[in-house]
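So the structure is just underneath, and the comments pick up after that.
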Amino acid sequence: MKIKDMVKKTIASNIKRARINSGMTQAEAAEKLGITAQAISNFERGVNGIENSLLLQMCEIYHTSMGKILGEEHTDTQKIPRVGRIACGDPITAEENIECYDDAPAVWHADFSLLCVGDSMSPKIEDGDIVAIRCQQQVQNGEIAAVRIGDEATLKMVFLHQDYVELRPVNPAYPSIIRRMEEMEEIRIEGKAVGLCRNL
């Protein structure tokens, strides 16, 4: 493989990695950039060249830098504990809950990770994905969070209304979880989803 082709492949791979780490699908990225999903696919496979102006837009929506896309910067990582289960009343990162440790970009400031099971958050988050979570008890409406309902944990988009809480899946095939009035007290936001630990 020629040097020029190797550079092109590296950039394509870095573009794909940046999109995946941002949690976007190809369709979502295409919509934000005003291009087709097929164009995104071509860029990520190194089929087509890419203009600097579009590359800068990608850096912005993927929350990365041109240096990282071009392979000129290394991403510092940190080890975060993967929480396999959440016991009622115990801290989410209690030692007995930790299955292993995952690498996540340090800039995410993540505190722990979760293994996603099921397809209720597909296509944004797929079955088997590892999601990095930053501990915080409040999120903005529409943000994805790890939420504890009693002694069970779930990953959903959170919407706080005046008299009820809605935990909404991305996959329209699944219904929202609604808690009203006194039932709202059993819901606790454990943290905000800040990225996917794919291909790090």
Side-chain angles (χ1 to χ4, degrees), residues 1-80 82 99-110 112-134 142-146 155-157 168-174 192-200:
M1 183 180 291
K2 296 179 181 178
I3 299 277
K4 184 177 180 181
D5 291 336
M6 291 176 63
V7 171
K8 188 175 180 181
K9 278 292 184 184
T10 297
I11 292 173
S13 177
N14 289 342
I15 288 173
K16 181 176 181 179
R17 182 180 294 109
R19 175 185 60 77
I20 289 174
N21 287 342
S22 74
M24 286 188 196
T25 64
Q26 288 184 343
E28 289 170 333
E31 183 178 353
K32 286 181 177 292
L33 293 167
I35 58 179
T36 65
Q38 184 59 54
I40 294 287
S41 176
N42 288 342
F43 292 142
E44 293 182 355
R45 290 184 292 120
V47 173
N48 294 340
I50 181 169
E51 295 181 0
N52 283 343
S53 58
L54 182 57
L55 197 54
L56 285 169
Q57 285 181 271
M58 285 183 173
C59 290
E60 184 176 349
I61 69 167
Y62 295 159
H63 304 293
T64 189
S65 68
M66 183 70 83
K68 289 188 176 112
I69 293 293
L70 298 178
E72 297 170 351
E73 295 178 21
H74 297 288
T75 302
D76 292 332
T77 62
Q78 66 178 110
K79 296 284 187 183
I80 55 175
R82 186 189 303 176
E99 289 186 342
C100 60
Y101 288 83
D102 293 303
D103 289 320
V107 294
W108 288 356
H109 302 292
F112 62 93
S113 59
L114 292 172
L115 172 64
C116 294
V117 178
D119 61 352
S120 68
M121 296 301 284
S122 178
K124 182 177 287 291
I125 300 172
E126 302 287 356
D127 181 41
D129 278 347
I130 306 298
V131 180
I133 307 291
R134 180 190 305 140
E143 290 185 327
I144 297 174
L155 196 71
K156 294 289 184 291
M157 292 187 292
R168 186 186 303 171
V170 172
N171 189 338
Y174 290 82
K192 175 184 173 181
V194 292
L196 298 177
C197 300
R198 292 170 170 166
N199 301 323
L200 293 179

Nearest-0.5 Å distance, CD1 of residue Ile80 to SG of residue Cys100 = 10.0 Å

Distance, nearest 0.5 Å, that separates CD of Gln57 from OH of Tyr62 | 10.5 Å

For a side chain to side chain contact (heavy atoms under 4.5 Å, CB included) with Met58, tell me which candidate from Ile69, Thr64, Ile40 qualifies.
-> Ile40

If only atom types and distance count, is the side chain of Ser22 paired as donor or acceptor with the main-chain N or O of Arg19 below 3.5 Å?
-> yes

Could you tell me whether the side chain of Arg134 and the main chain of Trp108 form a donor-acceptor pair under 3.5 Å?
-> yes

Among Leu33, Ile11, Ile35, Leu55, the one residue meeting side chain to side chain contact (heavy atoms under 4.5 Å, CB included) with Phe43 = Ile35

With a 4.5 Å limit on heavy-atom distance, are the side chains of Asn14 and Lys68 in contact?
-> no

Output for pair (Lys156 NZ, Ile125 CD1), nearest 0.5 Å, gives 9.5 Å

State plainly whether the residues Asp102 and Lys79 are in salt-bridge range, i.e. N to O under 4.0 Å.
-> no

Is Asp129 reaching over with its side chain to a backbone N or O of Glu126, donor-acceptor style, under 3.5 angstrom?
-> yes

Is Arg82 close to Phe112 at the side-chain level, that is, under 4.5 Å between some pair of heavy atoms?
-> no

Smallest separation among heavy atoms of Ala30 and Ala37, with atom names | CB-N, 3.5 Å

At their closest point, which heavy atom of Ala29 faces which heavy atom of Ile61, and how far apart are they?
-> O-CD1, 4.2 Å

Provide the closest heavy-atom pair for Ala110 versus Ala132 in the form atom of the first, atom of the second, distance.
-> CB-CB, 3.8 Å

Got a second to check how far Arg17's CZ is from Leu196's CG, nearest 0.5 Å?
-> 14.0 Å

Distance col, row Asp103:CG vs Ser113:OG, nearest 0.5 angstrom, shows 10.0 Å

Say whether, by atom type as modelled, one donor and one acceptor occur between the side chain of Asn171 and the main chain of Pro123 under 3.5 angstrom.
-> no

Between Glu28 and Lys124, does at least one N-O distance fall below 4.0 Å, as a salt bridge requires?
-> yes

Heavy-atom side-chain proximity of Ile130 to Leu114 below 4.5 angstrom | no

May I ask you to test the Lys192-Ile133 pair for a side-chain heavy-atom distance under 4.5 Å?
-> no

Would you call Met121 and Ile144 a side-chain contact if the rule is heavy atoms closer than 4.5 Å?
-> yes

Least distance between heavy atoms, Cys116 atom then Asp127 atom | O-OD1, 3.5 Å

Polar side chain donor-acceptor pair, Glu44 to Gln26, under 3.5 angstrom = yes

Gap between atom CG of Leu54 and atom CD1 of Ile15 - 0.5 Å precision | 8.0 Å

